[in-house]
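Heads up, the thing below is written out as structure tokens.
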Amino acid sequence: MPSRKLSGKPEELAAFIDKFDIFLFDCDGVLWQGKALLPRTVETLAHLRNLGKHLLFVTNNSTKSRATYQKTLQDFGIPCDVNEIFCSAYSSAIYISRVLQLPRDKKVYVIGESGIEEELAAEGITYIGDDGGDITPEDYDSFGPDEDVGVVLCGLDRAISYRKLARAYQYLRNPETVFLATNIDSTFPTHGKLFPGAGAISAPLICMTGRTPVSLGKPSQAMMDAIEGVLKFDKKRACMVGDRLDTDIRFGIEGGLGGTLAVLTGVSTEEEILEEGAAAVPDVYLDRLCDILG
Ligand code: PLP
Ligand code: CA
């Protein structure tokens, strides 16, 4: 069925909201754009909470921990509990500890930023990283497989280097070392433009090893498994709200959620939603999230 734009009629908006007990929100492109809060985001979320709806904030951004995201939300004037936030650094940590059940004596080699380290530490997972300087003659001798490294986890790393990749490659040559990516977004929007995303950091490792990482970001169902690993909810009474068809909307559809709502304040356009062969077709869409207020 093609997607349809929700009319602003109060009874239609109320009927749509009534279908759900829980709303999963993508963040950038839905609630805010970069550093700018989108119009009436605070009122819209407060309205849903007043109706008794549960809210979750589900973001592919691996650079920040849940605690940092909570602060970001609160600084925007959006009250939230840390348990309502699922960032891909957190879903990665949950996956490693609760789905993979990585033995305590094994380590994770991380390519990424502080958000990943904070979430791994909070789950009691031992990790190592690399400071990323130039590769030295000693490195060529010392780099090699390490039985203690059970997982290589790759997220966005804005200080990526040959040395970090070379070390990951040595670990991944062992087929028993699990290859994970926080998310595989090719790009992400910032400062009004697109910049290389976490997928561009894991791509060289895919090229070197011929292996495909399990992604813990949307649209991967491993992210849904991680959410369900810590939170029980009726999926049929859940709605995914996102700006990107190939990540958010696909995540909601493939995850078996009861509904999907796209907004036009982020990456995907109305033309993309309506074209034949769209990456994923949302049930409904709105120009902006706040249009749900009528
Ligand atoms: N990755 C990074 C590094 C980002 O900064 C962002 C957005 O801020 C994203 C991914 C996409 O995040 P979201 O899933 O909230 O749109
Ligand atoms: Ca987004």
Side-chain angles (χ1 to χ4, degrees), residues 23-38 41 45 55-66 68-73 75-76 78 80 84-92 110-119 153-160 180-203 213 215-224 226-227 239-252 254-255 260-269 272-273 279-280 282 285-289:
F23 287 84
L24 285 70
F25 286 99
D26 167 78
C27 296
D28 194 85
V30 173
L31 309 178
W32 60 74
Q33 282 170 340
K35 297 204 181 318
L37 192 65
L38 283 158
T41 296
L45 298 178
L55 312 183
L56 286 188
F57 303 97
V58 184
T59 173
N60 274 3
N61 186 348
S62 70
T63 62
K64 292 181 183 172
S65 65
R66 287 184 305 158
T68 310
Y69 244 94
Q70 184 187 27
K71 185 161 184 320
T72 304
L73 282 151
D75 288 348
F76 276 132
I78 303 168
C80 70
E84 293 174 324
I85 298 168
F86 282 85
C87 50
S88 59
Y90 179 57
S91 58
S92 301
V110 177
I111 294 181
E113 300 188 11
S114 61
I116 299 177
E117 294 173 358
E118 285 170 41
E119 294 297 351
L153 172 61
C154 186
L156 183 67
D157 185 334
R158 283 166 284 193
I160 187 64
L180 302 180
T182 55
N183 62 305
I184 49 169
D185 304 28
S186 54
T187 55
F188 71 96
T190 186
H191 295 78
K193 293 177 237 175
L194 291 174
F195 275 78
I201 309 296
S202 56
S215 165
L216 276 303
K218 299 166 288 182
S220 167
Q221 290 311 299
M223 166 70 111
M224 194 67 86
I227 296 176
C239 179
M240 179 71 210
V241 186
D243 67 296
R244 200 161 170 155
L245 302 181
D246 60 343
T247 55
D248 307 318
I249 302 305
R250 210 175 131 202
F251 178 67
E254 292 181 359
T260 49
L261 163 65
V263 292
L264 301 177
T265 42
V267 173
S268 297
T269 62
E272 285 165 350
I273 291 173
Y285 66 97
L286 285 169
D287 287 329
R288 309 172 303 177
L289 178 65

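Just so you know, these numbers use all the heavy atoms, side chains as well, and skip hydrogens, waters and symmetry mates. Positions are given from 1 along the sequence. Start at 1 and go down the list; that is how both ligands and their atoms are numbered. Bear in mind the structure is a predicted one, so any value in this text is a computation, not a measurement.
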Polar atom proximity, Thr59 to ligand 1 (N or O, under 3.5 Å):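 Right, the criterion is met.
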Before signing off on this row, confirm whether Asp243 and ligand 1 have an N or O atom pair separated by under 3.5 Å.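 No.
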Counting only heavy atoms closer than 4.0 Å, does ligand 1 sit against the backbone of Asn60, its side chain, both, or neither?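 Both backbone and side chain.
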Which bit of Asp26 gets closer than 4.0 Å to ligand 1, counting heavy atoms only: side chain, backbone, both or neither?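 The part of Asp26 near ligand 1 is the side chain, not the backbone.
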Give the atom numbers and elements of ligand 1 that come within less than 4.0 Å of a heavy atom of Cys27.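 Once the distances to Cys27 are compared, the set is 15 (O).
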Atoms in ligand 1 flagged as close to Lys218, the criterion being non-hydrogen separation under 4.0 Å: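 So the answer, numbered in order with elements, is 14 (O).
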After noting the C-alpha distance and the side-chain angles of Thr68 and Ser65, does the key distance pass the side chain to side chain donor-acceptor pair (under 3.5 Å) rule? CA-CA 5 Å; Thr68 310; Ser65 65; 3.0 Å; yes
Which N, O or S atom name in Asp26 marks its closest approach to the Ca ion (ligand 2)?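 When I compare the N, O and S atoms of Asp26, OD2 is nearest to the Ca ion (ligand 2).
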Only N/O/S atoms count here: what is the atom of Asp243 closest to the Ca ion (ligand 2) called?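 Of the nitrogen, oxygen and sulfur atoms in Asp243, the Ca ion (ligand 2) lies nearest to OD1.
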Before accepting this row, confirm whether a basic side-chain N of the pair Asp26/Lys218 lies closer than 4.0 Å to the acidic partner's carboxylate O.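 Looking at Asp26 and Lys218, the cut-off is met.
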Among Val58, Thr247, Thr182, find the one that has a side chain to side chain contact (heavy atoms under 4.5 Å, CB included) with Met223.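 Of the listed residues Val58, Thr247, Thr182, the side chain to side chain contact (heavy atoms under 4.5 Å, CB included) partner of Met223 is Val58.
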Does any N, O or S atom of Asp28, backbone or side chain, fall under 3.0 Å from the Ca ion (ligand 2)?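 Yes, since at least one N, O or S atom of Asp28 sits under 3.0 Å from the Ca ion (ligand 2).
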